[in-house]
Amino acid sequence: MSLTDFTPPPLEELRALWCTHRGVTDVERLILEVQHQRQTLLQMRALSTAGIADARHTDPLAIDAASPLRTLEARILQELLRIEQTNLKPAVTQYCRCS
């Protein structure tokens with residue numbers, strides 16, 4: 001299944017949605033899932049970088065530019081940059097402080 005192009009929501013927008021839809025379980029779960037996936041990407045990047053470093057330590061020639069681990073590392077970085085670029089743009093909605 002392919003997705004239509006979209007701009008990922010910045011963290012500030014997710015926070016505003018959380019406040020606006022507080023108590024709406026399905027919306028809360030979706031927001032939490034987005035943040036969970038973003039945090040998981042950060043962890044996966046650290047793991048792939050460590051795996052490449054370990055492999056290079058064992059055999060410096062084992063990891064080249066065509067290695068699946070390098071491809072994975074590059075793809076994870078692309079996604080993290082996509083998210084970060086969105087967070088650098090002004091938020092569409094104001095940050096709200098909800099109780």
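It should be emphasised that the depicted structure is a prediction, and the values quoted were computed from it without experimental measurement.
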Just how far is it from atom [atom1] of [X] to atom [atom2] of [Y], taken to the nearest 0.5 Å?
| X | Y | atom1 | atom2 | answer |
| --- | --- | --- | --- | --- |
| L14 | L32 | CG | CG | 10.0 Å |
| I31 | R22 | CD1 | CZ | 9.5 Å |
| I76 | T71 | CD1 | OG1 | 11.0 Å |
| R70 | L72 | CZ | CG | 11.0 Å |
| Q39 | H36 | CD | NE2 | 8.0 Å |
| R15 | E13 | CZ | CD | 13.0 Å |

- Query: V24, V34: one ILVMFWY side-chain cluster at the under-4.5 Å cut-off?
  - Reply: yes

- Counting only N and O atoms by type, is there a donor-acceptor contact under 3.5 Å from the side chain of E28 to the main-chain atoms of W18? no

- State whether the side chain of H21 and the backbone N or O of L17 hold a donor-acceptor pair below 3.5 Å, judged by distance alone. yes

- Message: Does L41 form a side-chain contact (heavy atoms from CB on, under 4.5 Å) with I83? I'd like the steps, not just the answer.
- Response: CA-CA 10 Å; L41 274 174; I83 294 165; 4.1 Å; yes

- Over all atoms of both residues, closest heavy-atom pair of A62 and A55: CB-O, 4.4 Å

- R38 atom CZ: more than 12 heavy-atom contacts under 6.0 Å: yes

- Item | SB check R29 E33 (cutoff 4.0 Å) | no

